[in-house]
Amino acid sequence: SISKAAAEKFGLGWGSFGEEVRKTASARSLPLDRRSLQELGAELVQSSPEEFCRAVISSAEKGSEHGVVIDGIRHLRIWEQLKRLMGHAETMLIFVEVPELVRMDRLKQRPEFSPETRMAYEAHSTEHEVQTLRSVADLVLRNVDGIGSVLEQLAGFVESRKVLAS
């Protein structure tokens, strides 16, 4: 994933809400299909957002003392919770967008893809706040040409922040 590649490139820890949902589903012996994972993720956001965030932060912090990259933020309330839990640490929301045609091509390559499943996935509550997150993001990167180009964009941003900080 882009987030994991970015964490490796910059020597940061990595954590993922998706991985935490999969881990929780496995522990509860729940199915690991997308719909079931979306339902479980929505349940965790509603019932225990702080605990959910703490688990992802804890997983990410195991990888580095210098900072973390957290993947899969899909709700504004989770982003706000993460900022509170991170305290005085600098936090930035980086939104990676994929043009619709590229996204559709990628979805069509999945075995479970159909127009009906796409509509069901996109109608789920876990997808409702994605554009709101884009609007509050500190940085929006476009993923057209793959991970390499996104990492180049991100490296340019990081470098400009260093220049501004000095």
Side-chain angles (χ1 to χ4, degrees), residues 1-25 34 37-38 40-104 106-107 121-122 124-166:
S1 75
I2 291 171
S3 64
K4 191 177 269 188
E8 290 171 6
K9 178 177 181 71
F10 297 106
L12 303 171
W14 181 82
S16 165
F17 281 98
E19 289 295 318
E20 188 60 32
V21 170
R22 280 186 281 284
K23 187 168 81 175
T24 302
R34 183 168 177 161
L37 296 173
Q38 281 182 319
L40 178 57
E43 174 193 320
L44 295 170
V45 167
Q46 291 302 315
S47 67
S48 53
E50 183 173 340
E51 181 181 330
F52 190 25
C53 288
R54 284 186 188 282
V56 174
I57 291 169
S58 175
S59 174
E61 288 178 335
K62 291 175 185 170
S64 174
E65 297 175 11
H66 304 293
V68 298
V69 173
I70 296 179
D71 180 74
I73 300 167
R74 306 197 72 72
H75 301 273
L76 188 58
R77 110 188 246 192
I78 292 297
W79 171 237
E80 296 296 333
Q81 184 70 53
L82 281 171
K83 289 192 298 187
R84 277 191 293 281
L85 292 172
M86 296 303 289
H88 296 293
E90 181 179 9
T91 56
M92 289 187 301
L93 181 61
I94 299 173
F95 187 94
V96 178
E97 69 180 2
V98 178
E100 186 64 18
L101 290 175
V102 174
R103 195 169 76 82
M104 284 306 300
R106 291 176 184 171
L107 285 173
Y121 294 156
E122 291 180 353
H124 195 273
S125 66
T126 57
E127 305 301 317
H128 290 178
E129 295 181 57
V130 171
Q131 289 307 309
T132 301
L133 288 167
R134 185 193 189 287
S135 71
V136 300
D138 297 289
L139 177 64
V140 177
L141 302 173
R142 285 185 56 82
N143 181 5
V144 179
D145 297 321
I147 291 176
S149 75
V150 175
L151 291 178
E152 284 178 26
Q153 294 172 62
L154 184 55
F157 176 75
V158 168
E159 189 59 35
S160 71
R161 299 271 306 196
K162 288 180 184 175
V163 171
L164 293 174
S166 53

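Side-chain contact between Met86 and Val68 is present, with at least one heavy-atom pair separated by less than 4.5 Å. Side-chain contact between Phe17 and His75 is absent, with no heavy atoms from C-beta onward closer than 4.5 Å. Arg34 places none of its side-chain heavy atoms less than 4.5 Å from the side chain of Leu37. Side chains of Ile94 and Asp138 form no contact here, defined as non-hydrogen atoms less than 4.5 Å apart. Met92 has its side chain out of reach of Leu139: every pair of non-hydrogen atoms, C-beta onward, lies at least 4.5 Å apart. Residues Leu154 and Phe10 have side chains in contact (heavy-atom distance under 4.5 Å, counting atoms from C-beta outward). Residues Val56 and Leu82 fail the side-chain proximity criterion, which asks for heavy atoms closer than 4.5 Å.
The two residues Gly15 and Ala60 make their nearest non-hydrogen contact at N-CB, 3.5 Å. The shortest heavy-atom contact between Gln81 and Pro49 is CG-O, 4.1 Å. Taking every heavy atom of both residues into account, Trp14 and Glu19 meet most closely at CH2-CG, 3.8 Å. Across all non-hydrogen atoms, the minimal contact from Thr132 to Ser135 is O-OG, 2.6 Å.
For Thr24 (side chain) and Glu20 (main-chain N/O), a donor-acceptor pair under 3.5 Å exists by modelled atom type. Distance alone, capped at 3.5 Å, is enough to place a donor-acceptor pair between the Gln153 side chain and the Arg142 backbone.
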Practice item. Go through Phe95 and Val136 one step at a time and tell me if the side-chain contact (heavy atoms from CB on, under 4.5 Å) criterion holds. Key: CA-CA 9 Å; Phe95 187 94; Val136 300; over 6 Å; no
Practice item. Test Leu93 against Ile73 for side-chain contact (heavy atoms from CB on, under 4.5 Å), laying out the working first. Key: CA-CA 9 Å; Leu93 181 61; Ile73 300 167; 4.1 Å; yes
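For the atom pair CD of Glu43 and CZ of Phe52, the computed distance is 10.0 Å after rounding to the nearest 0.5 Å.
Ion pairing between a basic and an acidic side chain is recognised when a charged N comes within 4.0 Å of a carboxylate O; Arg54 and Glu50 show such pairing. Glu80 and Arg77 are not joined by a salt bridge, as no carboxylate oxygen comes within less than 4.0 angstrom of a charged side-chain nitrogen.
In summary, of the residues considered (Ile78, Thr91, Leu12, Ile57), a side-chain contact (heavy atoms from CB on, under 4.5 Å) with Ile70 occurs for Ile57 alone.
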